[in-house]
Amino acid sequence: MEETTTETKEAGTDNRNIVDDGKSQKLTHDDIQALKDKGIKGQEIVQQLIENSTTFRGKTEFAQDKYIKKKKKKYEAVITIVKPSTRILSTMYYAREPGKINHLRYDTLAQMLTLGNIRAGNKMIVMETCAGLVLGAIMERMGGHGSIIQMYPGGGPVRAATSCFGFPESFFRTLYEFPLSKVCSLVSGTFSSETLPSEPDYNVPVEEESNGSLEEKQTLIQETEVESNTEAVMESIETGDQETMDDLAAEDAECKESKERRNKENIREKQRKQQERKRKLVETAALLEEKNADGLIVASKFHPTPLLLSLLEFVAPSRPFVVYCQYKEPLLDCYTKLREKGGVINLKLSETWLRNYQVLPDRSHPKLMMSGGGGYLLSGITVTMEKVQSDANSLEAQKIEEPVSKKRKLEELHC
């Protein structure tokens, strides 16, 4: 900092006479590359750029500071290791790969966590296709206390961003997963363990357990081994080396035993994982059948209406739900369907707006470049339908009875 202050003592009053013609810097690109090849530090390169600039001393102090920061960012490599967090990962994904997280901005994600009342001890249902970013944010907020049920499409959940958080193993013990393809059967009451993959039988021989593709691969490997071994045996017979034949036979037997042992271990491990997955799936189905979830978060690339209407069946009354979508029209359709169906109150469709500000002495102002949009949120609170219907029936009965009572009073007065 002392070097920069000494250099910035001599400064101009304004930048009106400075012309950006590309000729103010005496050092060429080859000169700078030669300095890098010599191993000169970035700080010294920045200092030489300042000394060889013909317009640096004519700039104002603010312009000089901006020039120095720009050159330091380009030539001084600074690596800072920080602990991963929701804000860091969401900012990184939004800046580099926004399509993977459905253009979910970090301030919108923060509003989702607040509107969804995410806290420790909750039982949350999450349906997201944002590479696991929303799931990781919820797990971080809950701190490993409570339970999270992740609904996923396809063959399995995607948790690329979740793995970047570095959660301990205890966090994943409270994480459950359930396929969307089984939700309809669970709502209708036809879901059972028979629809899941059958439990593995460890007493079945290896040849029966392995699938066709594995058997074909093994036969091809064995055929190639036999051909190579026969060729080696023929060569050894021709040379008359009996010891080589014995060694080849021993090696062949050892290879076969090791491969059979490896195949058995792989099949056992695969069966163990299948059995563990089936057990976890049955536990998740039991948790959903309780229909007492404390909240629902949906942030998916699919249309939100069928997802929300089916998953709200598992949420307890007086609990919040939040739906994120990059576009407004799907949420408007969802809003209309929820109004027609009922069972929800305090429905709100909102859009988040974010603008960054530069805060510096004597030059605080909004930044010129800002995000065009952070998506839309539909939030609300669930209520029971039975009480609403009974209240509506009682109101209708009161409306019917009121005219009769008034008519009787009028008749009594005339009498």
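- A salt bridge links Lys337 with Asp333; the closest basic N to acidic carboxylate O contact falls under 4.0 Å.
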What verdict does the ring pair (Phe, Tyr, Trp, His ring centres under 6.0 Å) test give for Tyr94 and Tyr106, after you've listed the backbone C-alpha separation in whole Å, the side-chain angles of each residue and the deciding distance to 0.1 Å?
CA-CA 8 Å; Tyr94 188 78; Tyr106 54 88; 7.2 Å; no

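- Not a single donor-acceptor pair under 3.5 Å links the side chain of Thr108 to the backbone N or O of Leu104.
- For the atom pair OH (Tyr335) and CG (Leu349), the distance works out to 8.0 Å, reported to the nearest 0.5 Å.
- Of the possible polar contacts, one joining the Asn263 side chain to the Lys259 backbone as a donor-acceptor pair under 3.5 Å is found.
- Note on Glu260 versus Lys264: no salt bridge recorded, every NZ/NE/NH1/NH2 to OD/OE distance being 4.0 Å or above.
- Atoms CG and OG1, on Leu296 and Thr382 in that order, are 9.5 Å from each other to the nearest 0.5 Å.
- The shortest distance between side-chain heavy atoms of Asn52 and Gln48 falls below 4.5 Å.
- In plain terms, the two heavy atoms of Gly116 and Ile297 that are nearest each other are CA-CD1, 4.1 Å.
- No donor-acceptor distance shorter than 3.5 angstrom exists from the side chain of Asn122 to the backbone of Ile118, with no hydrogens or angles considered.
- The shortest side-chain heavy-atom distance between Pro84 and Cys164 does not fall under the 4.5 Å cut-off.
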Could you check Asp31 against Thr28 for side chain to side chain contact (heavy atoms under 4.5 Å, CB included), going step by step and ending with a plain yes or no?
CA-CA 5 Å; Asp31 297 335; Thr28 62; 3.0 Å; yes

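- Between Leu338 and Leu308 there is a side-chain heavy-atom pair separated by less than 4.5 Å.
- Taking the charged nitrogens against the carboxylate oxygens, Glu265 and Arg262 have no contact shorter than 4.0 Å, which rules out a salt bridge.
- The aromatic ring centroids of Tyr376 and Tyr327 lie 6.0 Å or more from each other.
- Within a 6.0 Å sphere centred on NE2 of His29, other residues, nucleotides and ligands contribute 12 heavy atoms or fewer.
- The number of heavy-atom neighbours closer than 6.0 Å to CZ of Arg279, taken from other residues, nucleotides and ligands shown, is above 12.
- Within 6.0 Å of atom CZ in Arg96, 12 or fewer heavy atoms from other residues, nucleotides or ligands are found, so the atom counts as exposed in its surroundings.
- Taking every heavy atom of both residues into account, Leu287 and Lys123 meet most closely at O-NZ, 2.8 Å.
- Separating the CD atom in Glu329 from the CG atom in Leu332 is a distance of 6.5 Å, to the nearest 0.5 Å.
- Applying the side-chain contact (heavy atoms from CB on, under 4.5 Å) test to Lys36 and every residue at least two apart in sequence or in another chain returns Ile32, Gln33, Ile45, Tyr75.
- The side-chain contact (heavy atoms from CB on, under 4.5 Å) search around Ser350 returns Leu377, not counting sequence neighbours.
- At least one side-chain heavy atom of Phe172 sits less than 4.5 Å from a side-chain heavy atom of Met139.
- A salt bridge does not link Lys41 with Glu44: every distance from a Lys NZ or Arg NE/NH1/NH2 to an Asp or Glu carboxylate oxygen is 4.0 Å or more.
- Scanning both residues, Arg105 and Asp107, for their nearest heavy atoms gives NE-OD1, 2.6 Å.
- A 4.5 Å side-chain heavy-atom check between Asp362 and Phe62 finds at least one atom pair inside the cut-off.
- Within a 6.0 Å sphere centred on NZ of Lys280, heavy atoms belonging to other residues, nucleotides or ligands number more than 12.
- Considering every non-hydrogen atom in both His103 and Tyr324, the closest pair reads O-OH, 3.0 Å.
- Residue Ser85 holds its OG atom at 7.5 Å from CZ of Phe165, rounded to the nearest 0.5 Å.
- Among all heavy-atom pairs drawn from Ser90 and Ile101, the shortest one is O-CD1, 4.4 Å.
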What verdict does the side chain to side chain contact (heavy atoms under 4.5 Å, CB included) test give for His303 and Leu307, after you've listed the backbone C-alpha separation in whole Å, the side-chain angles of each residue and the deciding distance to 0.1 Å?
CA-CA 7 Å; His303 200 286; Leu307 290 173; over 6 Å; no

Between side-chain atoms of residues 141-153 and protein atoms elsewhere (two or more places apart, or another chain), which donor-acceptor pairs fall under 3.5 Å?
| residue | atom | partner | partner atom | Å |
| --- | --- | --- | --- | --- |
| Gln150 | OE1 | Arg159 | NE | 2.9 |
| Gln150 | OE1 | Arg159 | NH2 | 3.0 |
| Tyr152 | OH | Arg277 | NH2 | 3.3 |

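- Separation of atoms CG (Leu288) and CD (Glu283) is listed at 12.0 Å; rounding is to 0.5 Å.
- A cation-pi arrangement is absent between Lys100 and Tyr93 under the rule of less than 6.0 angstrom and at most 45 degrees off the ring axis.
- Residues Gln358 and Arg363 are in side-chain contact: their nearest non-hydrogen atoms beyond the backbone lie under 4.5 Å apart.
- Contact annotation: the side chain of Leu354 never approaches that of Ser371 to less than 4.5 Å [non-hydrogen atoms, C-beta and beyond].
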I'd like a table of donor-acceptor pairs (distance under 3.5 Å, sequence neighbours excluded) in which one partner is a side-chain atom from residues 313-322, with atom names and distances.
| residue | atom | partner | partner atom | Å |
| --- | --- | --- | --- | --- |
| Arg319 | NE | Asp294 | OD1 | 3.1 |
| Arg319 | NH1 | Pro317 | O | 3.0 |

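- Ion pairing between Lys71 and Glu76 fails under the 4.0 Å rule for side-chain N and carboxylate O.
- Between Arg57 and Gln64, the closest heavy-atom pair is CA-NE2, 3.8 Å.
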Evaluate the criterion side chain to side chain contact (heavy atoms under 4.5 Å, CB included) for residue pair Lys367 and Tyr357; output intermediate values, then yes/no.
CA-CA 5 Å; Lys367 290 188 176 180; Tyr357 279 76; over 6 Å; no

Take Thr336 and Thr305 through the side chain to side chain contact (heavy atoms under 4.5 Å, CB included) test and state the conclusion after the steps.
CA-CA 10 Å; Thr336 307; Thr305 302; over 6 Å; no

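- Between the side chains of Gln25 and Ser53, no donor N or O sits under 3.5 Å from an acceptor N or O.
- Considering CG of Leu49 and NZ of Lys72, their distance stands at 12.5 Å, rounded to 0.5 Å.
- With contacts defined as side-chain heavy-atom distances shorter than 4.5 Å, the pair Gln111/Thr352 qualifies.
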Output a table of donor-acceptor pairs, distance under 3.5 Å, between side-chain atoms of residues 124-136 and any protein atom two or more places apart or on a different chain; print 'none' if there are none.
| residue | atom | partner | partner atom | Å |
| --- | --- | --- | --- | --- |
| Glu128 | OE1 | Cys130 | N | 2.6 |
| Glu128 | OE1 | Gly132 | N | 3.4 |
| Glu128 | OE2 | Gly132 | N | 3.3 |
| Glu128 | OE2 | Leu135 | N | 3.2 |
| Thr129 | OG1 | Asn102 | ND2 | 3.3 |
| Thr129 | OG1 | Lys301 | N | 2.9 |

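- Met369 pairs by the side-chain contact (heavy atoms from CB on, under 4.5 Å) definition with nothing, not counting sequence neighbours.
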